[in-house]
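Structure first, then comments.
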Amino acid sequence: MCGRYILAQQAKFERELRLGRIDWSFSARYNVAPSQSVPAVRVIEGVHEGVMMRWGLIPFFAHGVPPRYSTINASIERLQSAPAWRGPCKRGQRCIQVAAGFYEWHLEANGRKQPYFVHLTDHEIFGFPGLWDRSIAADGTVIDSCALVTVPANELLRDIHNTGAHPGRMPAILAPADFDLWLEGSAPQARAALRAYPARRMAAYRVSTRVNSPKTEGAELIEPARGDEPSALHLLRPVTLGSPPARCGRRGAPSTEPLVEQLAPPVHAEAATDGAQHERGAETHVCPDPPADRAEHYRADEGE
DNA sequence: CCAGACGTTGTT
DNA sequence: GTCTGG
DNA sequence: CCAGACGTTGTT
DNA sequence: GTCTGG
């Protein structure tokens, strides 16, 4: 899963995003932690806007009070059933938390928590598909917050989280070209976008435990750990672009997760805030599905 | 996610 | 707000 | 019916 | 052990 990540410079994201409204402000970061304000893209009335939102979703029914339980990750299996995710899902409140890489921890035999930096080898930046919600505190303060979606881990992340029994988790990841699929696609298209990124287009390496503390910051956090040796985790060497497909060789049963119900199409901001408290009026506008050809364009790339 | 705190009374 | 547990 | 929860991951 | 803060 994902509880810490990094950001590239704001301009780098804006060059790839074609935003209609820029309401965010941030610099390159190397240790973004939950509860912090993070940059995200959402579509309001057809306008792609870059905004800052609290990472750790505060449901509208929580009235601005952060829950005691964790709401930084939304498991794909629970999007439709969990109260915290269900509302945003129904209202189509999808967003993308932009990122340039993230960290995962490997618990070693001696109890040490060894962090790994994970990134894509084919894209400098990417996005975590997420959900957002708006919560209003007793004093009227409006808080927009978000959570990123997690899926069963691919080979790379499964090895970092070397737990035996269960599959292990990782954040769903979108290449820039697929951002709009999640933000504006039909329910099935958005659903299809939630997949583990192919392991062969990702790489991971050990970094200093300095990143363990959420108070540290700086580019040195993503430098390879000093004195690194080929570890027992032989699979954790960087994977290079164009490496052999490594297709087949599927070990174990393919994880047959129960199919998640469909997501609602995105709706307007008014519907998002009003719809929660009131009956849907006839004027409530639901975005029409985009042309279906996009669905074909989105080729399945499973099997990692 | 990890790190760090985890409590009270009553005030220099 | 909505669902589960008692 | 009302009260209480509302979440995730990994368990070296 | 468990919760809060970043």
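This is a predicted model, so every value here is computed, not measured. Sequence lines set the chain letters: A, B, ... in the order given, protein chains first and strands last, and positions in each chain run from 1.
- Taken together through direct or relayed side-chain contacts under 4.5 Å among Ile, Leu, Val, Met, Phe, Trp and Tyr, Phe179(A) and Phe26(A) form part of one hydrophobic cluster.
- Across the protein-nucleic acid pair, Leu107(A) atom CG and dC2(B) atom C1' stand 12 Å apart, rounded to whole Å.
- Atom-to-atom, CG of Asn73(A) to P of dC6(D) comes out at 17 Å; the value is rounded to the nearest Å.
- In this structure, Arg158(A) atom CZ and dG10(D) atom C1' are separated by 16 Å, rounded to whole Å.
- Taking atom CG on Leu131(A) and atom P on dC6(D), their separation rounds to 18 Å, with Å as the unit.
- Taking the P atom of each, dG1(E) and dT8(B) are spaced 23 Å apart, rounded to whole Å.
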Exercise for review: Evaluate the criterion salt bridge (charged side-chain N to carboxylate O under 4.0 Å, His left out) for residue pair Arg169(A) and Glu77(A); output intermediate values, then yes/no.
Suggested key: CA-CA 12 Å; Arg169(A) 309 289 298 179; Glu77(A) 296 86 354; 2.9 Å; yes
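- Using cut-offs of 30° and 60° for the angle between ring planes, the His106(A) and Tyr116(A) rings count as perpendicular.
- Counting non-hydrogen atoms under 4.0 angstrom, Ala62(A) reaches nothing in the nucleic acid.
- Minimum atom distance to the side chain of Arg169(A) is reached by dG10(D), of the listed dG7(D), dG10(D), dC2(B).
- Counting any heavy atom pair closer than 4.0 Å across all strands shown, Pro34(A) reaches a base atom.
- Between the side-chain ring of Phe61(A) and the base of dC6(D), a stacking contact exists by the 5.5 Å and 30° definition.
- The side chain of Thr150(A) places an N or O atom within less than 4.0 Å of a non-bridging phosphate oxygen (OP1 or OP2) of dT9(D).
- Put simply, Trp105(A) and Leu221(A) are part of the same group of oily side chains (I, L, V, M, F, W, Y) that touch within less than 4.5 Å, one to the next.
- The ring of Tyr197(A) has its center no closer than 6.0 angstrom to the ring center of Phe126(A).
- Taking the P atom of each, dG10(B) and dC2(D) are spaced 43 Å apart, rounded to whole Å.
- Taking each heavy atom of Ala187(A) and Arg94(A) in turn, the nearest pair found is CA-NH2, 4.0 Å.
- Across all strands shown, Ala84(A) has heavy atoms under 4.0 Å from sugar-phosphate atoms exclusively, and none from any base.
- By the 5.5 Å and 30° criteria, Tyr69(A) is not stacked with the base of dG7(D).
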**Study point:** Full working for side chain to side chain contact (heavy atoms under 4.5 Å, CB included) between Ile160(A) and Leu157(A)
**Key:** CA-CA 5 Å; Ile160(A) 295 178; Leu157(A) 277 300; 4.2 Å; yes
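- Proximity note for Ser75(A) (side chain, C-beta onward) versus dT8(D), dC2(B), dG1(C): the nearest is dT8(D).
- Checking the phosphate oxygens (OP1, OP2) of dT8(D), a side-chain nitrogen or oxygen of Trp85(A) falls inside 4.0 Å.
- Between Phe128(A) and Trp55(A), a ring centre-to-centre spacing not shorter than 6.0 Å is recorded.
- One interatomic measurement links the two molecules: NZ of Lys90(A) to P of dG1(C), which rounds to 12 Å at whole-angstrom precision.
- Scanning for ring-ring contact (aromatic ring centres under 6.0 Å, His included) contacts around Phe117(A) gives Tyr103(A), His119(A), Tyr205(A), with sequence neighbours left out.
- Within 4.0 Å of Ala82(A), counting heavy atoms only, lie sugar-phosphate atoms of the nucleic acid but no base atom.
- In this structure, Leu131(A) and Cys89(A) approach most closely via the heavy-atom pair CD1-SG, 4.2 Å.
- Among the protein residues, Ser213(A) comes within range of the sugar-phosphate backbone only, with heavy atoms under 4.0 Å from sugar or phosphate atoms but none that close to a base.
- Side-chain nitrogen and oxygen atoms of Arg78(A) include at least one within less than 4.0 Å of the OP1 or OP2 phosphate oxygen of dT8(D).
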Anything under 3.5 Å between a protein N or O and an N or O of nucleotides 3-6 of chain C, put it in a table, one pair a line.
unit_1, atom_1, unit_2, atom_2, d
dC3(C), OP1, Arg86(A), NH1, 2.6
dC3(C), OP1, Arg86(A), NH2, 3.4

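- Considering only the side chain of His161(A), dG10(D) comes nearest among dT12(D), dG10(D), dT8(D).
- For dG4(D) and dG6(E), the P atoms lie 30 Å apart once the distance is rounded to whole Å.
- Atoms CZ (Arg54(A)) and P (dC1(B)) sit 16 Å apart, rounded to a whole Å.
- Going from atom CD of Gln80(A) over to atom C1' of dC6(D) covers 16 Å, rounded to whole Å.
- dT2(E) and dT9(B) have their C1' atoms separated by 25 Å, with the value rounded to a whole Å.
- Screening Val38(A), Val118(A), Asn31(A) for a side chain to side chain contact (heavy atoms under 4.5 Å, CB included) with Tyr5(A), the sole residue that qualifies is Val38(A).
- In this entry the distance linking CH2 of Trp55(A) with P of dG7(D) reads 18 Å, nearest Å.
- Residue Asn212(A) has its side chain nearest to dC2(B) when only dC2(B), dG7(D), dG1(C) are considered.
- Between Arg4(A) and dC2(B) there is no side-chain polar atom (N or O) within less than 4.0 angstrom of OP1 or OP2.
- Residues Pro115(A) and Asn212(A) form a side-chain contact, since some pair of their non-hydrogen atoms from C-beta on lies under 4.5 Å apart.
- Scanning DNA chain D for stems, defined as runs of 3 or more consecutive Watson-Crick or G-U wobble pairs whose donor-acceptor distances all fall under 3.5 Å, gives the following ranges: C:1-6 with D:1-6.
- Using P as the reference atom, dC6(B) and dA5(D) are 24 Å apart when rounded to the nearest Å.
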